[in-house]
Amino acid sequence: MANIYITGGTGFIGRNLVPLLLSQGHNCYVITRNFLSFTQSALHYLKCDLMNCDAFGDLFKVAKPDLLIHLAWDVKSQDFSSSAVNQLWLDKSIQLCKSFFISGGAKVIVAGTCFEYDLSRKVVLTENSSCVPTSLYGKCKDYLHKSLYELCKQYSTSLVWTRIFYPYGKGEEQRKIISYVVNKLKNDQLVNIKTPYDVIDYMHVTDISRALALLANLNISGTYNICSGKGVQIRHIVELTAKRCNKEYLLSFDDNNETSKFIVGDNTKLSKLGFNCNYDIYQGIDTYF
């Protein structure tokens, strides 16, 4: 049993991860900017706005810190990948982790992104693939990884850096592809997909949470792709969703294939830890209904 501090614990991934960690016997201290009075013996909410905090050390006085899982980042806006807020998240993330180490914390797990990689090559991405991020979001995540690696050497602590690919599942933001299609079809509205030939590695949020919990329970460090290891064409996902609604007749697709994306990860390293996905894309889509 460990004392686990979690940022982003009320977000899309965090809402699935926290109950899993609690079921495994851990004490969870969820750092959130919203005041939540609900608590139970092993679940505690700590009110803190990470973007406006300069005394992170006070957070870690509540209980002896064993592990920090840092999921929080602002990715809700349409322009999040180019927003200047990424730089602030970078700075505050470094401050947070440094305070955690100074307070005696031994290990951090941080949510990185597949957008750290060089995506122009359109190859299956391993943890050793070159990182040439093009967006400010990807650049800040990549710089955070490198900064925390040096910080962990300085404090003799452990870093697990996770490169999360494309999360999906019920409860995601409504602009995400499956939720967008489901909502359109439920209202009998036409759905036009402009990038039907993109091939993307989607991983169900439940499986992402299971992978993070596994990494939390093992005495390991290093970089891990959090992905299914399988690419699925957007057109196929949309057609499966429409078939589930019996409304395939409301679909249309642009045929321009010149700018299609290929973003697929290799999850061999994660699999060697004994991890397997519980959801394929068919089972994942069913969870929306």
Worksheet entry | OH-CD distance between Tyr143 and Gln87, expressed to the nearest 0.5 angstrom | 8.5 Å
Discussion item. For the backbone of Lys261 and the side chain of Asp198, can you confirm whether one donor and one acceptor N or O come within less than 3.5 Å of each other?
Written reply: yes
Item to complete: State plainly whether the residues Asp66 and Lys64 are in salt-bridge range, i.e. N to O under 4.0 Å.
Response: yes
Item to complete: Output, in order, the C-alpha distance, side-chain angles, deciding distance and verdict of side chain to side chain donor-acceptor pair (under 3.5 Å) for Asp91 and Gln95.
Response: CA-CA 6 Å; Asp91 296 339; Gln95 292 177 32; over 6 Å; no
Worksheet entry | Ala242 to Leu185 - nearest heavy-atom pair and separation | CA-CD1, 3.5 Å
Fill in: Any side-chain heavy-atom pair of Tyr288 and Thr241 under 4.5 Å
no
Practice prompt. Assess whether side chain to side chain contact (heavy atoms under 4.5 Å, CB included) is satisfied between Tyr5 and Val62, documenting all intermediate values.
Written response: CA-CA 10 Å; Tyr5 284 77; Val62 177; 3.8 Å; yes
Fill in: Between SG on residue Cys97 and NZ on residue Lys92, distance to nearest 0.5 Å
13.0 Å
Fill in: Exercise: identify the closest heavy-atom pair between Leu125 and Asp118
CD2-O, 4.0 Å
Worksheet, complete the sentence: Nearest heavy-atom contact between Pro196 and Asp254 is CG-O, 3.0 Å
Fill in: Check: Glu172 side chain, Gly169 main-chain N or O, donor-acceptor pair, under 3.5 Å
yes
Worksheet entry | 4.5 Å side-chain heavy-atom contact, Tyr168 and Ile281 | yes
Worksheet item: Which atom pair, heavy atoms only, marks the closest approach of Ser130 to Arg121?
Response: OG-NH1, 4.3 Å
Worksheet item: Side chains of Phe80 and Ser82: closer than 4.5 Å at any heavy-atom pair?
Response: no
Worksheet item: Hey, quick one: are Leu43 and Ile6 part of the same hydrophobic cluster, counting side-chain heavy atoms closer than 4.5 Å, chains of contacts allowed?
Response: yes
Fill in: CH2-NE2 distance between Trp161 and His145, expressed to the nearest 0.5 angstrom
6.5 Å
Item to complete: Spell out, yes or no, whether Phe12 and Leu22 are grouped together once hydrophobic residues are joined by side-chain heavy atoms under 4.5 Å, including indirect joins.
Response: yes
Worksheet item: Run the side chain to side chain contact (heavy atoms under 4.5 Å, CB included) check on Trp89 and Tyr137 step by step: do they pass?
Response: CA-CA 10 Å; Trp89 274 103; Tyr137 170 64; over 6 Å; no
Item to complete: Using the ring of Tyr117 (Phe, Tyr or Trp, six-membered ring only), decide whether Arg163 places NZ or CZ under 6.0 Å from its centre and within 45 degrees of its axis.
Response: yes
Fill in: Asp207 side chain to Asn278 backbone, donor-acceptor under 3.5 Å
yes
Item to complete: Indicate yes or no: at least one non-hydrogen side-chain atom of Ile178 is less than 4.5 angstrom from one of Ile237.
Response: yes
Worksheet, complete the sentence: Sorted by chain and residue number, the ring-ring contact (aromatic ring centres under 6.0 Å, His included) partners of His26 (sequence neighbours excluded) come out as none
Worksheet item: How about Phe262: does its CZ atom have over 12 heavy atoms from other parts shown lying under 6.0 Å from it?
Response: yes
Worksheet item: Do Phe100 and Phe56 have ring centres separated by under 6.0 Å?
Response: no
Discussion item. Under the criterion side chain to side chain contact (heavy atoms under 4.5 Å, CB included), I'd like the reasoning laid out for Asn86 against Lys141: C-alpha separation, chi angles, the key distance, then a yes or no.
Written reply: CA-CA 9 Å; Asn86 285 292; Lys141 287 286 191 176; over 6 Å; no
Practice prompt. Identify whether Ile200 and Val182 are in the same connected component of the hydrophobic contact network (ILVMFWY, side-chain heavy atoms under 4.5 Å).
Written response: yes
Practice prompt. Spell out, as yes or no, whether a donor-acceptor pair under 3.5 Å connects the side chain of Thr162 to the backbone of Ile164.
Written response: no
Discussion item. To check you understand the geometry: which heavy-atom pair defines the closest contact between Asn27 and Tyr29, and what is its length?
Written reply: CB-CE1, 3.8 Å
Practice prompt. Starting from the C-alpha separation in whole Å, work towards a yes-or-no answer on side chain to side chain contact (heavy atoms under 4.5 Å, CB included) for Trp73 and Thr113.
Written response: CA-CA 11 Å; Trp73 203 277; Thr113 173; over 6 Å; no
Fill in: Nearest-0.5 Å distance that lies between atom CD1 in Ile220 and atom CG in Leu159
11.0 Å
Item to complete: Show your working on salt bridge (charged side-chain N to carboxylate O under 4.0 Å, His left out) between Asp58 and Lys61 and close with a plain yes or no.
Response: CA-CA 5 Å; Asp58 292 342; Lys61 293 178 181 178; 3.4 Å; yes
Fill in: Nearest-0.5 Å distance, CG of residue Leu88 to OG of residue Ser93
9.0 Å
Worksheet entry | Hydrophobic cluster membership, Leu212 vs Tyr202, 4.5 Å side-chain cutoff | no
Practice prompt. Keeping the roles fixed (side chain from Lys184, backbone from Val191), state whether a donor-acceptor pair exists under 3.5 Å.
Written response: no
Item to complete: To the nearest 0.5 Å, tell me how far Leu251 CG sits from Cys245 SG.
Response: 9.5 Å
Worksheet item: Side chains of Phe60 and Leu96: does their closest heavy-atom pair fall under 4.5 Å?
Response: yes
Item to complete: Using atom types as modelled and distance alone, determine if a side-chain donor or acceptor of Arg210 lies under 3.5 Å from a backbone N or O of Leu20.
Response: no
Worksheet item: Tell me, do Phe115 and Ile263 make a side-chain contact under 4.5 Å, heavy atoms counted?
Response: yes
Worksheet item: Ser221 side chain to Val160 main-chain N or O, any donor-acceptor pair under 3.5 Å?
Response: no
Fill in: Sub-4.5 Å side-chain heavy-atom contact between Gln233 and Tyr197
yes
Discussion item. Other residues, nucleotides and ligands only: do more than 12 of their heavy atoms fall within 6.0 Å of NZ on Lys98?
Written reply: no
Discussion item. Using modelled atom types and a 3.5 Å cut-off, is there a donor and acceptor pairing between side-chain atoms of Ser271 and backbone atoms of Asn267?
Written reply: yes
Discussion item. Has Ser228 got a side-chain atom pairing as donor or acceptor with Lys230's backbone, closer than 3.5 angstrom?
Written reply: yes
Discussion item. Please give me the minimum heavy-atom distance between Arg33 and Asp49, naming the atom from each residue.
Written reply: CB-CA, 3.8 Å
Worksheet item: In terms of heavy-atom contacts, does NZ of Lys269 have more than 12 from other residues, nucleotides or ligands at under 6.0 Å?
Response: yes
Worksheet item: With the 4.5 Å side-chain cut-off for hydrophobic clustering, are Leu71 and Leu214 part of the same group?
Response: yes
Worksheet item: Are any non-hydrogen side-chain atoms of Ile177 and Tyr166 less than 4.5 angstrom apart?
Response: no
Practice prompt. Determine yes or no for a side-chain-to-main-chain donor-acceptor pair under 3.5 angstrom, with Asn225 supplying the side chain and Asp266 the backbone.
Written response: yes
